[in-house]
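What follows is a short report on a single structure.
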Amino acid sequence: MRVSQLFGKTQREIPAEADTVSHQLMLKAGMIRQVAAGVYAYLPLAWRVLKNIENIIRDEMDKAGGQEILMPALQPLELWQKSGRDRAFGEGLFVLTDRRDRKLALGPTHEEVVTELVKYNVQSYRDLPQLLYQIQTKFRDEPRPRGGLIRTREFSMLDLYSFDADEAGLDLSYNKMVEAYRNIFERCGLPAVMVEADSGAIGGKASHEFMLIAESGENEIITCNGCTYAANVEKAQFIKTKVGGGEPLPLEEVSTPGMASIEQVAGFLNVPEKRTLKAVFYMADGQLVFIVIRGDLAVNEVKLKNALGGADIRLATHAEVSQAGLVPGAASPIGVEGIKVIADDSITSGTNFVAGANKPGTHLKNVNYPRDFTPDTVTDIARARAGDKCVKCGGALQSSNGIEVGHTFKLGTFLSETLGAVFVDQSGVSRPIIMGCYGIGVGRLLAAAIEQNHDNKGIIWPKPIAPFQIHLCPLYMENPQVVTAAEKLYEEYRSKNVEVLLDDRPESPGVKFNDADLLGIPLRITISPRSLEKNSIETKWRWEKESKLQPLE
RNA sequence: CGGGGUGUAGCGCAGUUGGUUUAGCGCGCAGCGUUUGGGACGCUGAGGUCGGAGGUUCAAAUCCUCUCACCCCGACCA
């Protein structure tokens, strides 16, 4: 390709709206163009990279035994109502009405369609297992698209679905996919970290996310510096160290005038925060819920949501708390009636805690579980933080940001049961098919690749996904020898099917070098009168500082 | 949806207390010339329904009302 003809120009100034590095660089390099919020057009440079990524994905999916199919983006809403997931997706589902007044959804994912598909093509255990995949455009009406290609409303995704006869088969399929994903990210030059993930409202036994560590990542991930434990903070567990407290003593009321926060109360009574119990209030599907957690810990809303069976939750307002007859700032789990109480299991990590007395300016000492109060549920709803102890090895946990580029999920039989995708096993019994689903965001992967591979000059493409392998930079185009040499090299590489970009513009060296650095093609070859005198050209890898003189022929 | 912000040429911006404004500047774009090893310079030129609709006024980019789009911070996800 010749730069003079390449569709898409490099910009010197970038639109003010871009603040993510990958977004800025893609706009500057003329790779993408925004058409609407979270909707992008991909210009040749971006499209070439996307195709490279897709081909790596296809190759690995095929190697793992997957079969490629293509399902429609347009899906009857009925199908979503049948599975009940129209509610789970809610506003995120793009719904439209056709001329016959039928409702259709633009597919945000394809579990329903693929399950229907399998239902009519699988009857016997002999038809299993199956690994079906596609690379296809998904539509999700995200509440807030952001970060360029990091989070869009229309995006290309690899989605593979596994269908097995038993758990052992699912495990096998799952492991194949995990392996394939590892290969994909490695081949793309991206060190992805596999972390345990929350499996969400649908349930299921296991879920993992593949994360790229990046400042701009939207997810917090917790890793252990002593072992391989890694989890999304939504899921991350940690050891709740014992805080002691001795034999349970009788309850004692103490005056704590004006002390509302844990910090204030602990300071006032001169007890460590971890020896207090904190009350937090949430509204879950419109109902007030009383949360009790050790004072030094924070509530993990995802864990809480799961403990509440997937309810919609938000923090309750002071007014809502007062209305329920509780005293914000001094609320007590003791004697609460008619309100659901969920406690973090940290309440069992010690004795004689300080807690609210449900009287203004008053707290209680020596509060003990289960002597003084009995929550409806006691489970882990605490948020792991850097410095906490690892559940696997006791080592120190660390926190970092990650971009989620892949996600694997043991779905189980939820969908096959509701949609009636069953098979007959060896003993002639009808059973639901056991499913798994696996996704990789292709555009996001492209953006993440840039997030991880750039410098202040521009992109530094990993070779396997680079839009071109070689960038020819002839300097002083008015010199016919330069042009001849450049054209010759260009033709040579083309005849060998090497992807080569020729900067045939009559631009100054500075412009060409800067554009070359911006576009980030791995190998730059400079052709100039200076080096031609020595019958040589200059080569430079994008990630290296100095160029090398290389003899021609 | 809650909070904050922005819409003026392909991009970055100024102009916004109504009136020399024929709406400017820089980059980019076209032509000519001089240059050129890390985003050169001069001259000439093209490019705008000032997001949209309605209103106030002798006069609106500028004031009022409504509306649309986009960005950023929070709840969701590949």
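Order of the sequence lines fixes the chain letters, A, B, ..., with proteins taken first and strands second; residue numbering starts at 1 for each chain. Fair warning: this is a prediction, and the values are worked out from it, not measured in the lab.
At a threshold of 4.0 angstrom between heavy atoms, the contacts of L445(A) with the nucleic acid are absent. Within the nucleic acid shown, R530(A) comes within 4.0 Å of at least one base atom, counting heavy atoms only. Within the nucleic acid shown, T109(A) has no heavy atom closer than 4.0 Å to any nucleic acid atom. Residue I440(A) is classed as having no contact, given no heavy-atom separation below 4.0 Å to the nucleic acid. Within 4.0 Å of G439(A), counting heavy atoms only, lie sugar-phosphate atoms of the nucleic acid but no base atom. Looking at heavy-atom distances under 4.0 Å, R524(A) makes contact with a base. Nucleic acid contact for V511(A): base, since at least one base atom lies under 4.0 Å from a heavy atom of the residue.
Residues forming a side-chain contact (heavy atoms from CB on, under 4.5 Å) with I291(A) (at least two apart in sequence, or on another chain): V280(A), Y282(A), V289(A), V299(A), L304(A), I342(A), I381(A). Considering only residues two or more places apart in sequence or on other chains, I525(A) meets the side-chain contact (heavy atoms from CB on, under 4.5 Å) condition with I470(A), L472(A), L489(A), Y493(A), L523(A), I527(A), I537(A), T539(A). Partners of Y133(A) according to the ring-ring contact (aromatic ring centres under 6.0 Å, His included) rule, which considers only residues two or more places apart in sequence or in another chain, do not exist here. Applying the ring-ring contact (aromatic ring centres under 6.0 Å, His included) test to F468(A) and every residue at least two apart in sequence or in another chain returns nothing. Not counting sequence neighbours, F155(A) has no partner by the ring-ring contact (aromatic ring centres under 6.0 Å, His included) test. Among residues two or more places apart in sequence or in another chain, the side-chain contact (heavy atoms from CB on, under 4.5 Å) test is passed with L96(A) by L74(A), L104(A), L106(A). Checked against side-chain contact (heavy atoms from CB on, under 4.5 Å), E538(A) has the following partners two or more places apart in sequence or in another chain: T526(A), S528(A), S531(A), S547(A), L549(A). For W47(A), there are no ring-ring contact (aromatic ring centres under 6.0 Å, His included) partners two or more places apart in sequence or in a different chain.
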Full working for ring pair (Phe, Tyr, Trp, His ring centres under 6.0 Å) between Y438(A) and F409(A): CA-CA 6 Å; Y438(A) 317 81; F409(A) 210 110; 9.2 Å; no

Residues R2(A), D504(A); criterion salt bridge (charged side-chain N to carboxylate O under 4.0 Å, His left out); working and verdict: CA-CA 6 Å; R2(A) 291 167 187 272; D504(A) 58 340; 3.8 Å; yes

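Regarding L158(A), its CG atom lies at a distance of 10 Å from the C1' atom of A78(B), rounded to whole Å. For I403(A) and A78(B), the CD1 to C1' distance is 12 Å, given to the nearest whole Å. The interatomic distance linking R153(A) (CZ) with C70(B) (C1') rounds to 11 Å, in whole Å. Rounding to whole angstrom units, CD of residue Q34(A) and P of G10(B) are separated by 16 Å. F139(A) has its CZ atom 15 Å from the C1' atom of A78(B), to the nearest Å. Between I14(A) atom CD1 and C71(B) atom C1' there is a gap of 14 Å when expressed in whole angstrom units.
Looking at E538(A), its side chain comes within 3.5 Å of the base of G37(B) through a donor and an acceptor atom.
Of the C1' atoms belonging to C68(B) and G52(B), the separation is 7 Å, rounded to the nearest Å. For the P atoms, the distance from A23(B) to A61(B) is 9 Å, rounded to whole Å. With both ends at atom P, the span from C63(B) to U20(B) equals 15 Å, rounded to whole Å. Rounded to whole Å, the C1' atom of C73(B) lies 42 Å from the corresponding atom of A46(B). Only the C1' atoms considered, G51(B) is 15 Å distant from C71(B), to the nearest whole Å.
For the contact set between residues 57-65 of chain A and RNA chain B, defined by any heavy atom under 4.0 Å, there are no members. Within residues 448-461 of chain A, the residues that have a heavy atom under 4.0 Å from RNA chain B are, in order of number, K457(A).
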Letter per nucleotide, 5' to 3', of nucleotides 28-36 of chain B [B base touched, S only sugar-phosphate touched, - untouched; heavy atoms, 4.0 Å]: S-------B

Sequence-aligned protein contact record of nucleotides 72-77 of chain B, with B where the base is within under 4.0 Å of a protein heavy atom and S where only the sugar-phosphate is: SBBBBB

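Look at Q11(A) and you won't find any side-chain N or O under 4.0 angstrom from OP1 or OP2 of G39(B).
A donor-acceptor contact closer than 3.5 angstrom links the side chains of D159(A) and Q134(A).
Applying the salt bridge (Lys or Arg N to Asp or Glu O under 4.0 Å) test between E544(A) and each of K548(A), K540(A), R542(A) identifies K548(A) as the sole match.
The aromatic rings of W80(A) and F89(A) sit perpendicular to each other, their planes meeting at more than 60°, with 30° as the lower class boundary. Ring pair Y174(A)/H208(A) is tilted by interplanar angle, where 30° to 60° counts as tilted. A parallel orientation is assigned to the rings of W541(A) and W543(A), their planes being inclined by less than 30° (bins at 30° and 60°).
Positionally, the nearest nucleotide of RNA chain B for V35(A) lies more toward the 5' end than for the other of S156(A) and V35(A).
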